[in-house]
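Read through the structure below, which is laid out as structure tokens, and then see the notes.
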Amino acid sequence: MKNGKLRIRPLTFPFTLSLNQVFPPKDDSISLSSALQHYIASDSPSQGQKIHTHLLKIGFIPNTNISIKLIILHIKSGCLSFARQVFDQMSKPTVSAYNYMITGYLKQGHIEESLNLIHKLVFSNEKPDGFTFSMILKLSTTSSNRIPSDIGKQVHTQILKSNVEPDDVLFTALVDSYAKNGKVGYARTVFDMMLEKNVVCSTAMISGYMKQGCVRNAEDIFEKTFDKDTVVFNAMIEGYSKLLETAKRSFEFYIDMQRLNFHPTISTFVSVIGACSVLSAFELGQQVQTQIMKTMFFTDVKLGSALIDMYSKCGRIEDARGIFNHMPEKNVFSWTSMIDGYGKNGNPHKALELFNKMQRELRIKPNYVTFLSALSACGHAGLVAKGWEIFESMERNYSLKPRMEHYACMVDLLGRAGSLHQALEFILGMTEKPGSDVWGALLGACRLHGDVQMAGVAANEIFKLSSDGRPGAYVALSNTFAAAGKWEGVSEVRELMKERGVSKDTGRSWVGTNSGLCGFHVGQKM
DNA sequence: GACGCTCTAA
């Protein structure tokens, strides 16, 4: 029977399908289609995979419709490679076939494969549709160096050129992509173009603003959001939790949302715990932990890692370890939090011990951040040789190309140990152009060892890199002069800062009192 | 015609 000429045979589901029932005439596509549909909609799609096995056995060539259903079936069963086989055998995969495959890869975290398919689609005769565009935009929000950061703009242009009429979802994806790539202005333009703004796009806009520190704008959008839900509250709480100045507001929102009958979720708790670490408010953190224990979230690995981090940032490393030990599931995040905690709490040897343990015994792959924590631990312990060994193992054993932060960490390590010239040599030998963090690490080491001359070199490089008047390097240079007792140097730098219009914000601290947290700055009287 | 959007740890 040819495709399209089908004999209709109604089937009633559910019933137990025997393969012979499905294919009495060899390729009755309607019954085949319904059978596949049945399994796709069922809770056990993998049962339907037998149909594919049977089709292969009898040498059946599926048409487009059947192929797509097979792809959906395999993806739902978690077998991407089978889905891909079907896809590859399609003579002319349709855009929806591409879309299903791309989503499948995306959901399982196979970023590379989804990018490859998008590439393939672009060079095929098929036109990407709204689904494709939204997936590309979604991809632009995951970090991958294969995705250019202006991809949002490119997709935006393509949408305008194509016949795709953007709907709410596509608009939101566009807003989110711009917002996450630091283009809040563009995000806002698209946001304002939407006639009816729902809570989802408001949330995307809010977290974009929060990420840029535009708290007022985020609050403005929040106020105007009428269909508020848990997620938008969480976005506000998360945004507030990042900054010392606003972290207190996280708690207000946390209370507010509950008063309005929105139940806190894992994300809520993670952010609130984050606010506690920013505020070093460990007692508050303990109270939140008690709250968490009352929910079913206490075994969550993200929450566990957040708690480890909170306790170690509050200097309660043993409490952090307690959480770590009791976590039923640990991943690279939890291990890294613990390693980092030991490193920052004056126990670098314990940090390195855990770093070894996770690799040797548990075969957990360290990632960029883990290496950062391990390198920084070496720095604190003054273990230069160990630091080199770890730095080199990144690429050799794990194919992780050191990033700017790792270089900065190595410079810090060498510098702290007093090998300033070796540190400079290391910087000059870098394949990439050293960033201001790298020079900043050298500058810090110069201050430590009173090398005014090299401090000048480092500071100069930082001035060249940051034309935005960032005060850090000036202050560090001035402190270097001060530490070396060269007061004329100090005033020179101060003059230079005035001349270039650089100002340093007044430092502030927080202290817990009976009436809550209280902020104060240098020189302030109670 | 089942595919696409917002908040979550180091």
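Quick caveat: nothing in here was measured; it's all calculated off a predicted structure. Just so it is clear: chains get the letters A, B, ... in the order the sequence lines come, proteins before strands, and each one is counted from 1.
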* To do: Take the protein atom CE of A:Met135 and the nucleotide atom C1' of B:dC5, then report the distance between them rounded to whole Å.
  => 12 Å

* A:Val231 side chain, from C-beta outward: closest of B:dA2, B:dA10, B:dC7 -> B:dC7

* Asked: So, does the side chain of A:Asn99 form a donor-acceptor pair with the base of B:dG4 at under 3.5 Å?
  -> no

* To do: Can you tell me the distance, in whole Å, between the CG atom of A:Asn367 and the P atom of B:dA9?
  => 14 Å

* Quick one: A:Tyr209 OH to B:dT6 P, roughly how many Å, whole number? -> 18 Å

* Structure fact -> Considering only heavy side-chain atoms of A:Ser207, the closest of B:dA9, B:dA10, B:dC7 is B:dC7

* **Distance-only donor-acceptor test (3.5 Å): side chain A:Asp300, base B:dA9** => no

* **Closest nucleotide among B:dT8, B:dC7, B:dA2 to the A:Ile266 side chain** => B:dT8

* Asked: Mind checking whether A:Tyr209 and A:Phe191 have ring centres under 6.0 Å apart?
  -> no

* To do: Verify whether the ring centers belonging to A:Tyr98 and A:Phe87 lie closer than 6.0 Å.
  => yes

* **A:Phe324 and A:Trp335 aromatic centres sub-6.0 Å** => yes

* Asked: Rounded to whole angstroms, how far apart are CD1 on A:Ile273 and C1' on B:dA10?
  -> 15 Å

* **Nucleotide of B:dA2, B:dT8, B:dA10 approaching A:Val369 most closely (side-chain heavy atoms)** => B:dA10

* Asked: In terms of side-chain heavy atoms of A:Lys138, which of B:dC5, B:dG4, B:dC3 is nearest?
  -> B:dC5

* Side chain of A:Thr370: nearest nucleotide among B:dC5, B:dA10, B:dA2? -> B:dA10

* Looking at the side chain of A:Ala173, which of B:dC7, B:dT8, B:dC5 is the nearest nucleotide? -> B:dC5

* Asked: What's the OH-P distance between A:Tyr240 and B:dT8, to the nearest Å?
  -> 15 Å

* Rounded distance (Å) that lies between atom C1' of B:dA10 and atom CD1 of A:Ile317 -> 13 Å

* Asked: From B:dC3, B:dT8, B:dA10, pick the nucleotide closest to the side chain of A:Ser337?
  -> B:dA10

* To do: Look at the side-chain N and O atoms of A:Lys180 and state whether any lies under 4.0 Å from the OP1 or OP2 oxygen of B:dC7.
  => yes

* Report yes if the side chains of A:Tyr178 and A:Lys153 come closer than 4.5 Å at any heavy-atom pair, otherwise no. => yes

* Asked: Could you give the CE-to-P distance, from A:Met327 to B:dA10, as a whole number of Å?
  -> 12 Å

* Distance below 4.0 Å between A:Lys107 side-chain N/O and B:dC3 OP1 or OP2 -> no

* Under 5.5 Å between ring centres and under 30° between planes: true for A:Phe333 and the base of B:dA9? -> yes

* Asked: So, does the side chain of A:Thr103 form a donor-acceptor pair with the base of B:dC3 at under 3.5 Å?
  -> no

* Asked: Under 4.5 Å between any side-chain heavy atoms of A:His406 and A:Ile390, yes or no?
  -> no

* Of all the nucleotides listed (B:dT8, B:dA2, B:dA9), which has the minimum atom distance to the side chain of A:Asn331? -> B:dA9

* Out of B:dT8, B:dT6, B:dG4, which has the shortest distance to the side chain of A:Val169? -> B:dG4

* Side chains of A:Lys228 and A:Phe222 in contact at under 4.5 Å (non-hydrogen atoms) -> yes

